[in-house]
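Read through the structure below, which is laid out as structure tokens, and then see the notes.
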Protein chains: 2
Amino acid sequence: MTKTDVLTLAILGILRDQPLHGYQIRKRLGAELGPFRALSYGSLYPCLRRMVEAGLIESAGEEPAGASPASSRRARIAYSLTDAGRTRLAEELASAGASSWDDDAFDVRFSLFAHTDAATRLRILEGRRSRLSERLEEVAEGLKRMHERHDAYTAELQRHGLEQVEREISWLDRLIENERSAPGGDNPGPTPTGH
Amino acid sequence: MTKTDVLTLAILGILRDQPLHGYQIRKRLGAELGPFRALSYGSLYPCLRRMVEAGLIESAGEEPAGASPASSRRARIAYSLTDAGRTRLAEELASAGASSWDDDAFDVRFSLFAHTDAATRLRILEGRRSRLSERLEEVAEGLKRMHERHDAYTAELQRHGLEQVEREISWLDRLIENERSAPGGDNPGPTPTGH
DNA sequence: GACCAGTTGTATCGCACCGATACATCGGAG
DNA sequence: CTCCGATGTATCGGTGCGATACAACTGGTC
């Protein structure tokens, strides 16, 4: 139970370091994961509500602070992690189940690698790799069995898809090798977490 | 009005040459568009129902044919295009609006290129190209502005995303050049539509 | 100082789609 | 003969998306 969905995880991750408004969460997430995967408010706000209900985050409704006119203060709601949220994030970051290398989950998981320990990183990368290998198999299979009933365009589409997957795999191979040869610390790379 | 959604278009396309059952539709579509984009029954059947209601397709409920026992005949429903459906498909294939190069529509549109005239093909490819160019811009922008607040992993994710888009664009460039230098017929390539 | 456009910000509604699931029949392998 | 996997139709709950509405602050321009 308590299956943490991807969106929830992403939000937990983005709130790890500072409290943020809904709007900022959306922007940050969009920036970190690329312009694809931009989540809409239609998913964000309901998810935030769910998380508040579950006690993972809490909302701080920025009070007027002082004897300002009356009521006109603009509504801004900053969300921050609760202890429960922080715990859940830690649990989630330590896990490496199949749900870590699903198509839609992997990116989010990867973007949190800086806060994931080395062993888990490696397991996720390998899991993702093997998932993509299966896929490669499938596509190659289909492409071979495609002798009959094929026009040039659908064939080209297949070929292109195949290449995409191959490329993705070799990207993972690079990362995996990198992980293996690295000191194994929690925070590799030249950039020291930013101060 | 009468906005044809992608799924509807895909089905119209797959039924162009022969009537098929829901199950077969799903398999074919999955095979043509790759293992990604495999649509689930949860979308397929409702869509088929909608299409029947709209008069685009009709269902032929394979009757027992003869004095077979009683009722045991397995339910199999073959769907075929109506004249309206055929017309709609033709309209859709002749159009080349922004909805032709959306992320989710392009593949389907492309897989129907064998039945699309040369001018439309070119326009769609170019539309897709320019859409991806915009995206490239965005990502590059974000990557540049990423000096502050970046760990090695999110940076790598960005870099990888950037490369993906670049590759996609050069794939399109190849296709576009190919289109331009080709005879301009409706059915290029060595494969003669299959007999 | 008046106006207008763009950004920040919260929020909801309908719709389409996915994943899981249930059920039934058929062909073949053990 | 029986079990398994493919074929086949169908629905349900949940969830994410796109569009949209509303509101206040920000900054530029005449």
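Remember, it's a predicted structure, so these values are computed and weren't measured experimentally. Throughout, a chain's letter reflects where its sequence line sits, starting with A, and its residues are numbered from 1. Heavy-atom basis, side chains included; hydrogens, waters and symmetry copies ignored.
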| note | Here the distance between atom P of C:dA11 and atom CD1 of A:Ile25, to the nearest Å, is 12 Å
| Crowded around A:Glu166 CD? As in, over 12 foreign heavy atoms under 6.0 Å? | yes
| Aromatic plane relationship, B:Phe113 with A:Tyr153 - under 30° parallel, 30 to 60° tilted, over 60° perpendicular | perpendicular
| task | Check the angle between the aromatic planes of A:Trp171 and B:His160 and answer parallel, tilted or perpendicular using the 30° and 60° thresholds. | result | parallel
| Which ones in residues 100-112 of chain A lie close to DNA chain C, meaning a heavy atom under 4.0 Å from one of its atoms? | none
| task | Examine the side chains of B:Thr154 and B:Asp151 and answer whether a donor and an acceptor come within less than 3.5 Å of each other. | result | yes
| task | Let me know the distance between CG of A:Leu7 and C1' of C:dC18, rounded to the nearest Å. | result | 16 Å
| Distance test, side-chain N/O of A:Ser43 to OP1/OP2 of D:dC17, below 4.0 Å | yes
| remark: Closest to the side chain of A:Ser40, out of D:dA10, D:dC17, C:dT10, is D:dC17
| Starting at OH of B:Tyr41 and ending at P of D:dC12, how long is that distance when rounded to a whole Å? | 18 Å
| message | Closest approach to the side chain of B:Tyr23, judged atom by atom: which nucleotide of C:dA11, C:dA16, D:dG8 is it? | response | D:dG8
| query | Quick one: is D:dA10 close enough that its OP1 or OP2 comes under 4.0 Å of any side-chain N or O from B:Tyr45? | reply | no
| query | Are A:Arg26 and C:dA11 close enough that a side-chain N or O sits under 4.0 Å from OP1 or OP2? | reply | no
| Which nucleotide in the list C:dG9, D:dT9, C:dA16 gets nearest to the side chain of A:Arg76? | C:dG9
| field | salt_bridge(A:Arg131, A:Glu168) N-O dist < 4.0 Å | value | no
| query | In whole Å, what is the span from the CD1 atom of B:Ile77 to the P atom of C:dT25? | reply | 15 Å
| query | Would you say A:Arg49 reaches C:dT10's phosphate, i.e. side-chain N/O to OP1/OP2 under 4.0 Å? | reply | no
| Whole-Å distance separating the CG atom of A:Leu29 from the C1' atom of D:dG16 | 14 Å
| Given C:dT10, D:dT7, D:dG8, which nucleotide is nearest the side-chain atoms of B:Lys27? | D:dT7
| remark: In short, the helix from C:dG1-D:dC30 to C:dG30-D:dC1 is bent end to end, axes from five pairs each side, to 10°, by 30°
| request: Starting from C1' on C:dC17, measure out to CG on B:Leu48 and report it in whole angstrom. | output: 14 Å
| field | Side chain of A:Asp5 - closest among D:dG16, C:dT10, C:dT12 | value | D:dG16
| remark: Shortest non-hydrogen pair, A:Leu12 vs A:Leu89, comes out as O-CD2, 3.8 Å
| query | With sequence neighbours left out, what residues match B:Tyr23 under ring pair (Phe, Tyr, Trp, His ring centres under 6.0 Å)? | reply | none
| With a 4.5 Å heavy-atom cut-off, do A:Leu93 and A:Asp117 have their side chains touching? | no
| What nucleotide among C:dA11, D:dC17, C:dG9 has an atom nearest to a side-chain atom of A:Leu39? | D:dC17
| remark: From CE of B:Met51 across to C1' of C:dC17 the rounded distance in Å is 16 Å
| said: Applying side-chain hydrogen bond (donor to acceptor under 3.5 Å, both in side chains) to B:Ser43 and B:Ser40, what does each step give before you reach the verdict? | reply: CA-CA 6 Å; B:Ser43 5; B:Ser40 72; 3.3 Å; yes
| said: Considering every strand and a 4.0 Å limit on heavy-atom distances, what is the contact class for A:Gly42: base, sugar-phosphate, or nothing? | reply: base
| request: Establish whether A:Ile25 and A:Leu81 are linked, either directly or via other cluster members, by ILVMFWY side-chain heavy-atom contacts under 4.5 Å. | output: yes
| said: Under 4.0 Å, counting only non-hydrogen atoms across every strand here, what does A:Leu44 touch: a base, just sugar-phosphate, or nothing? | reply: nothing
